[in-house]
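In what follows, a single structure is set out as structure tokens and then discussed.
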Amino acid sequence: MITYYQHLADEQATCQFGATLVKLIYNITGDNGFIIYLNGELGAGKTTLSRGMIQGLGHSGNVKSPTYTLVEEYHLADRHIYHFDLYRLNDPEELEFMGIRDYFTANTICLIEWAEKGNGTLHSADLLINLAYDENARRIELIANSSRGADIIAQLQHITE
Ligand code: ADP
Ligand code: MG
């Protein structure tokens with residue numbers, strides 16, 4: 001298993017890590033889509049990391065939590081960024097009704113909080129990210145789930161060496 005861990009001391013570190021990560025993803029994906037599942041309990045930092053990624057691609061406004069809308073979308077740097085939060089999803093069929101398959105196309109980056117609620121209706125991820133409490137800070141773990149996910153981890157290891 002190809003994995004990467006990092007301690008994130010505070011909210012700023014989480015945002016900064018998101019910005020670094022999304023730039024690597026942007027550089028390797030070209031016209032391809034890229035999918036990240038974000039796991040971790042409430043308050044672990046999934047939305048904060050997503051905000052760091054979205055702002056890292058140049059978004060200067062707010063990043064709303066998609067808790068009630070299920071998805072918020074951004075068009076940045078020639079990419080579509082879809083930020084999902086499936087916490088309130090009752091039935092994975094709702095995803096079929098919203099046309100979930102159309103989101104996983106070329107030129108998109110999908111960030112999916114609570115992907116486990118999507119149960120079988122989602123494409124598999126390129127990267128699995130787990131966020132966990134570490135006293136008052138957080139710990140992030142990335143697991144590669146595709147060859148491009150593995151490329152990203154290799155680059156992160158190189159940067160932080
Ligand atoms: P989630 O989407 O996982 O429910 P949020 O990102 O909405 O979590 O909330 C995370 C909370 O933890 C926010 O209050 C944020 O300021 C804080 N936070 C984020 N990253 C860190 C960190 N590395 N250390 C301490 N607190 C953090
Ligand atoms: Mg959230």
Side-chain angles (χ1 to χ4, degrees), residues 1-6 8 11 13-15 17-26 28-29 32-59 61-77 79-134 138-150 152-153 156:
M1 209 159 64
I2 299 169
T3 58
Y4 176 86
Y5 300 96
Q6 191 169 311
L8 300 170
E11 176 177 348
T14 303
C15 282
F17 184 82
T20 300
L21 178 62
V22 84
K23 283 168 194 158
L24 296 176
I25 291 168
Y26 182 82
I28 73 152
T29 46
N32 295 302
F34 196 90
I35 301 175
I36 301 180
Y37 290 179
L38 295 156
N39 300 310
E41 58 191 290
L42 278 178
K46 303 178 294 297
T47 300
T48 306
L49 183 72
S50 300
R51 173 156 51 87
M53 296 181 78
I54 292 161
Q55 292 177 339
L57 279 186
H59 180 71
N62 255 0
V63 170
K64 281 191 288 178
S65 177
T67 309
Y68 294 95
T69 52
L70 289 184
V71 60
E72 292 288 336
E73 62 181 272
Y74 304 84
H75 187 70
L76 298 165
R79 302 292 158 91
H80 295 283
I81 317 297
Y82 296 110
H83 178 202
F84 293 88
D85 182 346
L86 305 184
Y87 186 65
R88 293 187 173 269
L89 190 73
N90 295 312
D91 182 342
E93 266 211 342
E94 285 176 43
L95 292 176
E96 306 278 9
F97 294 140
M98 71 188 272
I100 187 83
R101 279 165 210 289
D102 296 341
Y103 290 90
F104 299 123
T105 55
N107 240 16
T108 62
I109 299 174
C110 287
L111 312 173
I112 311 178
E113 300 186 37
W114 297 99
E116 62 265 38
K117 301 249 184 183
N119 229 337
T121 46
L122 300 175
H123 271 218
S124 69
D126 294 292
L127 268 182
L128 308 172
I129 296 186
N130 296 312
L131 281 149
Y133 286 84
D134 182 359
R138 303 290 188 271
R139 181 174 189 268
I140 191 168
E141 174 190 38
L142 282 71
I143 302 168
N145 201 42
S146 75
S147 60
R148 285 182 305 139
I152 296 293
I153 288 182
L156 279 171

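When reading the values below, keep in mind they use all heavy atoms of this one structure, side chains included, and skip hydrogens, waters and symmetry mates. Given the structure is predicted, the values throughout are model-derived calculations rather than measurements.
No side-chain heavy atom of Ile35 sits under 4.5 Å from any side-chain heavy atom of Leu122. Annotation: side chain of Leu21 is in contact with side chain of Leu156 (closest heavy-atom distance under 4.5 Å). Put simply, the side chain of Asp126 does not reach to within 4.5 Å of the side chain of Ile36, judged on heavy atoms. The side-chain heavy atoms of Ile25 and Ile109, taken from C-beta on, include a pair separated by under 4.5 Å. Counting only heavy atoms from C-beta outward, the side chains of Leu8 and Arg139 never approach each other to under 4.5 Å. Side-chain atoms of Ile152 and Phe34, non-hydrogen and from C-beta on, do get closer than 4.5 Å to each other. Here the side chains of Leu38 and Asp85 are not in contact, with every heavy-atom distance at 4.5 Å or above. In this structure the side chain of Tyr5 never reaches within 4.5 angstrom of the side chain of Ile140, judged on heavy atoms.
No hydrogens or angles considered: nothing links the side chains of Tyr74 and Glu72 as a donor-acceptor pair under 3.5 Å. Checked by atom type, the side-chain pair Arg88/Tyr68 shows a donor-acceptor distance below 3.5 Å. Checking Arg79 against Thr29 by side-chain atom types alone, a donor-acceptor pair falls below 3.5 Å.
Residues Thr105 and Arg101 come closest through the heavy atom pair CG2-O, 4.3 Å. In this structure, Pro92 and Gly118 approach most closely via the heavy-atom pair CB-O, 3.5 Å. Nearest heavy-atom pair, Val22 versus Met53, reported as atom, atom and distance to 0.1 Å: CG1-O, 3.3 Å. Glu11 approaches Arg51 most closely through the heavy-atom pair OE2-NH2, 2.6 Å. Across Ala150 and Ile2, no two heavy atoms sit closer than the pair CB-CD1, 3.7 Å. Scanning all heavy atoms of the two residues, the minimum distance from Val71 to Met98 falls at CG1-CE, 3.5 Å.
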Q) Checking side-chain contact (heavy atoms from CB on, under 4.5 Å) for the pair Leu49/Phe17: CA distance, chi angles, key distance, verdict? A) CA-CA 7 Å; Leu49 183 72; Phe17 184 82; 3.8 Å; yes
- Please test Asn39 against Glu116 for side-chain contact (heavy atoms from CB on, under 4.5 Å), starting from the C-alpha separation and ending with a verdict. CA-CA 8 Å; Asn39 300 310; Glu116 62 265 38; 3.2 Å; yes
Show, in sequence, the C-alpha distance, side-chain angles and deciding distance for Leu89 and Leu70, and conclude whether the side-chain contact (heavy atoms from CB on, under 4.5 Å) test is met. CA-CA 8 Å; Leu89 190 73; Leu70 289 184; 3.9 Å; yes
*Evaluate the side-chain contact (heavy atoms from CB on, under 4.5 Å) criterion for residues Leu42 and Tyr87: first the C-alpha distance (whole Å), next the side-chain angles of each, then the deciding distance (0.1 Å), finally the verdict.*
CA-CA 10 Å; Leu42 278 178; Tyr87 186 65; 4.0 Å; yes
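Not counting sequence neighbours, the partners of Thr47 by the side chain to side chain contact (heavy atoms under 4.5 Å, CB included) test are Ser65, His83, Glu113.
Distance check: Asn145 CG to Leu128 CG gives 4.5 Å after rounding to the nearest 0.5 Å. Summarising the geometry, atom OG1 belonging to Thr3 is positioned 9.0 Å from atom CG belonging to Leu142; distances are rounded to the nearest 0.5 Å. Considering CG of Leu57 and NZ of Lys23, their distance stands at 8.0 Å, rounded to 0.5 Å. Note that CZ of Arg148 and CG of Leu24 are 13.5 Å apart. Values are rounded to the nearest 0.5 Å. In this structure, CG in Leu95 is found 4.5 Å from OG1 in Thr121, a value given to the nearest 0.5 Å. Note: Asp102 CG to Tyr82 OH = 8.5 Å, rounded to the nearest 0.5 Å.
Here Tyr103 and Phe84 bring their ring centres to under 6.0 angstrom of each other.
The environment of Tyr26 atom OH is dense: over 12 non-hydrogen atoms of other residues, nucleotides or ligands sit within 6.0 angstrom.
In this structure a side-chain-to-backbone donor-acceptor pair under 3.5 Å is present from Asp91 to Glu93. For Lys46 (side chain) and Ile129 (main-chain N/O), no donor-acceptor pair under 3.5 Å exists by modelled atom type. Listed for the Glu141 side chain is no donor-acceptor partner under 3.5 Å among the backbone atoms of Ala132.
Under a cutoff of 6.0 Å and an axis angle of 45°, Arg138 and Tyr133 form a cation-pi pair.
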